[in-house]
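All values below come from the heavy atoms of this structure, side chains included, with hydrogens, waters and symmetry mates left out. Naming: A, B, ... by sequence-line order, numbering from 1 per chain.
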Protein chains: 2
Amino acid sequence: MNDVKSLLRGTTAFRLGLLGTLLSNQFGERIGAALDLKLKHAGVLVALDTRGSASQQELATLVGVAPSLVVALADHLEDLGAIERIRSDVDRRRMDLRLTPKGHALLVRCDEIAQTLSDEVTAALPRADREKLHKLLGAVTAHHKLPH
Amino acid sequence: MNDVKSLLRGTTAFRLGLLGTLLSNQFGERIGAALDLKLKHAGVLVALDTRGSASQQELATLVGVAPSLVVALADHLEDLGAIERIRSDVDRRRMDLRLTPKGHALLVRCDEIAQTLSDEVTAALPRADREKLHKLLGAVTAHHKLPH
DNA sequence: TATTGTTATACTCTATAACTATA
DNA sequence: TATAGTTATAGAGTATAACAATA
């Protein structure tokens, strides 16, 4: 079951960590080159796509970063025309952020890049196993919050 | 097959990246608190356990970090008594590093911590699925090099 | 007084470049 | 001249703390 000769390497956690880090780096490089985005920008896009709208404070906890970093992330996304910052009327301290059509299009491009990456990394697996892996990961991640 | 409502989140690559990062962070925190090790120290231990012995330059490429960083990693591991640095007789520029019994014991502790983490993260899965996930990850990672 | 967004500062990690000693 | 290890320096990324506006 476990390769005794291969300490640590043989654990599920180590394999997941290694592979996940590899994929995150790859994905980050690709959206950087193609879309001028970094990993956490994609995290903000996903959060806004899911929530529809959020304040910067809310995004900080959703994405799992410091509020000061959300400022920089939102600045860049705004420069790209991917999000709108609207000063709330009911509480003028708040900035309500939401995705623009351009932002949604960027997210679609991210999704395509991630799809390609998924196909590449699972290329050696038979189709049924690829789908099984996808489902198992879905079941596991369903029980966790989403940092970046 | 793919949840159209959940762009990016639904891809295998994103799930793997998210989960892998989470696990790496968790593992790093735990070996830091329990063993005074960081992720890359564990990478060096694994590499030495696999190779038996290696120079610092070799470790740099094996672990995927700059040679200057290997110095710091090896310094710390040497302080812990986990590795020995032996000046090579045939080429006195080289340092041949190898695991001490204490280093091997540390690696065993790392393995145990990773096992615990693996069990925790897959706790919601039936036993057969846990094993299937483990095997699928093994098949995928077998085709890749190992950075940290 | 507490909170949102922002700016200023500091810290961690890691790479690049410069240096030394051997080859 | 080239290479192994080391040291010094610099950059990226991100958090903490201080600040302004609003509640």
Side-chain angles (χ1 to χ4, degrees), chain A residues 17 21-22 24-29 31-33 36-44 47-48 51 53-79 83-98 146-148, chain B residues 17 21-22 24-29 31-33 36-44 47-48 51 53-79 83-98 146-148:
Chain A
T21 301
L22 192 78
S24 289
N25 291 342
Q26 270 291 320
F27 180 70
E29 280 179 30
I31 64 175
D36 194 21
L37 295 177
K38 295 182 183 176
L39 227 39
K40 312 239 162 173
H41 295 119
V44 171
L48 288 178
R51 295 251 322 197
S53 166
S55 74
Q56 296 187 182
Q57 295 283 349
E58 288 164 348
L59 281 171
T61 62
L62 282 172
V63 182
V65 298
S68 58
L69 182 53
V70 177
V71 176
L73 296 172
D75 281 350
H76 183 65
L77 289 172
E78 202 176 29
D79 287 346
I83 64 168
E84 280 178 334
R85 255 181 179 133
I86 300 164
R87 179 77 58 182
S88 167
D89 276 346
V90 294
D91 182 346
R92 313 226 328 160
R93 292 172 305 181
R94 281 173 61 99
M95 287 296 206
D96 283 319
L97 310 196
R98 56 175 250 260
L146 69 145
H148 81 88
Chain B
T21 301
L22 192 81
S24 289
N25 292 343
Q26 270 292 321
F27 179 71
E29 278 177 32
I31 64 174
D36 193 21
L37 294 177
K38 295 182 183 173
L39 226 39
K40 312 238 162 175
H41 295 119
V44 170
L48 287 178
R51 293 252 321 200
S53 166
S55 74
Q56 297 188 182
Q57 294 284 345
E58 287 164 350
L59 281 172
T61 63
L62 282 172
V63 182
V65 299
S68 58
L69 181 53
V70 176
V71 176
L73 295 172
D75 281 350
H76 184 64
L77 289 172
E78 201 176 29
D79 287 346
I83 65 168
E84 280 178 335
R85 257 184 178 130
I86 301 163
R87 179 77 58 183
S88 166
D89 277 345
V90 295
D91 181 345
R92 313 225 327 161
R93 292 171 305 179
R94 281 175 61 101
M95 287 294 206
D96 282 320
L97 310 196
R98 55 175 250 259
L146 69 142
H148 78 89

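Within the 4.5 Å cutoff, no side-chain heavy atoms of B:V65 are placed close to those of B:L59.
A salt bridge does not link A:D96 to A:R98: none of the charged nitrogens lies less than 4.0 Å from a carboxylate oxygen.
Each of A:R94 and A:D75 was matched to the nucleotide of DNA chain C holding its nearest heavy atom; the match closer to the 5' end belongs to A:R94. Across the interface with DNA chain D, nearest-nucleotide mapping of A:L73 and A:D89 shows A:L73 to be the residue nearer the 5′ end.
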Go through the steps for B:E58 and B:R51 under the test side-chain contact (heavy atoms from CB on, under 4.5 Å), then give the verdict. CA-CA 10 Å; B:E58 287 164 350; B:R51 293 252 321 200; 3.2 Å; yes
Carefully, step by step, assess B:R94 and B:R87 under the rule side-chain contact (heavy atoms from CB on, under 4.5 Å). CA-CA 6 Å; B:R94 281 175 61 101; B:R87 179 77 58 183; over 6 Å; no
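Contact annotation for A:Q57: base contact, defined as any heavy-atom pair under 4.0 Å involving a base atom.
Between the CD atom of A:E78 and the C1' atom of C:dT6 there is a distance of 13 Å, rounded to whole Å. Taking atom CG of B:D91 as the reference point, atom C1' of C:dA21 lies 11 Å away to the nearest angstrom. The distance from atom CZ of A:R87 to atom P of C:dG5 is 8 Å, rounded to the nearest whole Å. Between the C1' atom of C:dA2 and the CZ atom of A:R93 lies a distance of 7 Å, rounded to the nearest Å. Protein atom CD of A:Q56 is 13 Å distant from nucleotide atom C1' of C:dT3, rounded to whole Å. Going from atom CZ of A:R92 over to atom P of C:dT6 covers 14 Å, rounded to whole Å. The nearest whole Å value for the distance from the CG atom in A:L69 to the C1' atom in C:dA10 is 15 Å. As rounded to whole Å, 8 Å separates atom P of C:dT12 from atom NZ of B:K38.
With C:dT16, C:dT22, C:dG5 as the candidates, the nucleotide lying closest to the side chain of A:V71 is C:dG5. Proximity note for B:S68 (side chain, C-beta onward) versus C:dT6, C:dT22, C:dA15: the nearest is C:dA15.
When each of A:I86, A:I83, A:L77 is checked for a side-chain contact (heavy atoms from CB on, under 4.5 Å) with A:L97, only A:I83 meets the rule.
Of all nucleotides in DNA chain D, those with any atom nearer than 4.0 Å to a heavy atom of chain A start and finish, going 5' to 3', at D:dG13 to D:dA23.
Heavy atoms from other residues, nucleotides or ligands lying under 6.0 Å from CG of B:D79 number more than 12.
Annotation for B:R85 and B:D75: closest pair NH1-OD1, 2.8 Å, computed over non-hydrogen atoms.
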